[in-house]
J.: 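Could you have a look at this structure, given as structure tokens, before my questions?
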Amino acid sequence: MDSVLPRIEISLSKIQDNTRILSRLYGLKGISLMGVTKAVLGEPAIAEAMIKGGVEFIADSRIENIIRMRVGGITDTQFVLLRTPPSQAEAIIKNVDISLNTEIETVKKLSFYAKEHNKSHKVILMVELGDLREGILPCDLPQFIKTILPLSNIQIIGLGCNLACHGGIKPDSKNMMKLSQLTTAIEKEFQLNFQLTSGGNSANYEWYLSTQDAGKINNLRLGESILLGRETVSRKPIPGLHTGAFKLITEVIESKRKPSLPFGETCQDAFGNIPSFLDRGTRERGIIALGRQDIRVSGILPENKLAILGVSSDHIIFDNEKYKYRAGDEVKFDLDYGGLLAAMTSPFIHKNLIDPCNNHERRHMSEH
Ligand SMILES: *Cc1c(COP(=O)(O)O)cnc(C)c1O
């Protein structure tokens, strides 16, 4: 199984190390963590590594992934759903402890099913602070809360915000202060005592280091910095963290000397572009058995300086002059977040869990 190609090797102990270091760091200023598993499709062993590393919550954007983790035996945590499609309200009530919300009608639906299943459901209300993805405008927040406060079986446990995802707006002392102040004002107006103020994601690292006082913010939701060891404002590695917990290992299927200019009459390529090429004479070229159906080529980074010449649905063509790979050889890549997301989602790429934490059985990820 270990030699199946292509595959991603996933180091569970590196993910656990990263989580432990981040939990300690953020814990210094009273911030708890949600480990975000959406990029790894809710792989239960990865959730477990995060829990062992110290996260109090596991968060995912997809109910399917949360169900997968529950079925996979992850019970020792609270599950958080990062977005809330109304059509999934019943499944959310059954499987999720806390959901992030921005629509009154959706919360009403959650209340309906919570009552029907005799469950209590917790919600965090997301506030719009400038990034223009999800969020209730601060001016609409009091009316929103007034409307949902009487709903039975729904408990508002706090406010949250999400930045640096759509509008590229940086978490800074100004917007974080705003979230703190809103929390204080709302708690006072409605005589509530919020459990969580969830200030953001992996982009909050610089703000955290620079702030003297995190205010009311006592939670962050971290995916990329746990998995890839980087903050996401400028994608710098976080000191002490592993950046290589995931390795993509691929297989060469052809190596030949060929001219560097295509010959024959020019037409569109497989994706409707008219390609153009530089004549570098006859060179060694190679092909890897992986393509656009599996990955985005900008999201995979060769371990060496291999130059990628092009990519079609199932083939990556590279310049082989320097490394002289032969058919059957392995080529290794690091992944960025987009590369990780795509590779984890490809059913053609096997996922091998290596370096189990503590006394775990070595096991392989199931197909999905
Ligand atoms: C994906 C997501 C996160 C995690 O983001 P990272 O940049 O991976 O840390 C946090 N919050 C929400 C709402 C998300 O959708």
Side-chain angles (χ1 to χ4, degrees), residues 15 18-19 21-23 25-26 31-43 46-47 49-50 53 55-66 78-85 88 92 96 98-103 106 122-136 157-171 175-176 179 196-208 217-238 241 243 245-246 299 335-345:
I15 294 169
N18 284 358
T19 316
I21 293 165
L22 290 167
S23 296
L25 173 73
Y26 284 111
I31 292 184
S32 70
L33 297 185
M34 298 180 180
V36 176
T37 49
K38 65 192 185 201
V40 295
L41 278 56
E43 161 56 44
I46 295 178
M50 290 179 176
V55 301
E56 290 177 33
F57 309 83
I58 291 291
D60 203 295
S61 49
R62 305 197 186 237
I63 186 79
E64 294 86 347
N65 293 344
I66 289 181
Q78 296 196 66
F79 283 107
V80 180
L81 191 64
L82 295 169
R83 52 163 212 200
T84 306
Q88 297 174 348
I92 292 166
V96 174
I98 304 169
S99 60
L100 309 190
N101 284 277
T102 59
E103 290 287 345
T106 305
K122 297 175 177 161
V123 297
I124 292 173
L125 303 181
M126 297 299 277
V127 184
E128 176 59 67
L129 289 180
D131 200 52
L132 298 184
R133 204 180 72 179
E134 74 274 39
I136 303 158
I157 62 161
L159 304 183
C161 78
N162 195 65
L163 297 169
C165 270
H166 171 69
I169 297 302
K170 226 164 101 166
N175 45 39
M176 289 300 108
L179 185 62
L196 288 179
T197 302
S198 190
N201 52 39
S202 296
N204 281 60
Y205 178 75
E206 273 182 21
W207 160 77
Y208 177 80
I217 290 151
N218 63 5
N219 179 264
L220 291 174
R221 311 171 303 274
L222 302 184
E224 183 163 345
S225 57
I226 290 178
L227 298 170
L228 297 177
R230 292 174 189 273
E231 55 79 43
T232 55
V233 166
S234 41
R235 293 249 151 43
K236 284 204 264 296
I238 295 174
L241 299 200
T243 54
F246 297 81
L335 297 165
D336 72 9
Y337 193 73
L340 177 65
L341 200 60
M344 288 300 293
T345 310

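Scope of the values below: all heavy atoms of this structure, side chains included, with no hydrogens, waters or symmetry mates. Counting convention: from 1, in listed order, for ligands and their atoms alike.
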J.: Quick check: does any side chain N or O of Asp60 sit under 3.5 Å from a backbone N or O of Leu41, one acting as donor and the other as acceptor?
T.: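 Looks like no, no N/O pair under 3.5 Å.
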J.: Closest heavy-atom contact between Cys161 and Gly199?
T.: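 Reported closest heavy-atom pair: SG-O, 3.5 Å.
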J.: Could you verify whether a donor N or O on one side chain and an acceptor N or O on the other, from Ser32 and Asn219, lie under 3.5 Å apart?
T.: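 Ser32 vs Asn219: donor-acceptor pair found between side chains.
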J.: Write down the atom of Met34, the atom of Leu196, and the distance for their closest heavy-atom approach.
T.: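 The answer is CE-CD1, 3.9 Å.
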J.: According to salt bridge (charged side-chain N to carboxylate O under 4.0 Å, His left out), who are the partners of Arg235, at least two apart in sequence or on a separate chain?
T.: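 Arg235 satisfies salt bridge (charged side-chain N to carboxylate O under 4.0 Å, His left out) with Glu224 once adjacent residues are dropped.
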J.: How long is the straight-line distance from CD of Glu64 back to CD of Gln88, given to the nearest 0.5 Å?
T.: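 Nearest 0.5 Å value for the CD-CD distance: 5.5 Å.
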J.: Please output the residues near ligand 1 using a strict heavy-atom distance under 4.0 Å, listed in chain and residue-number order.
T.: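 Contacts of ligand 1 under 4.0 Å: Val36, Lys38, Leu82, Arg133, Glu134, Asn162, Asn201, Ser202, Arg221, Leu222, Gly223, Glu224, Tyr337.
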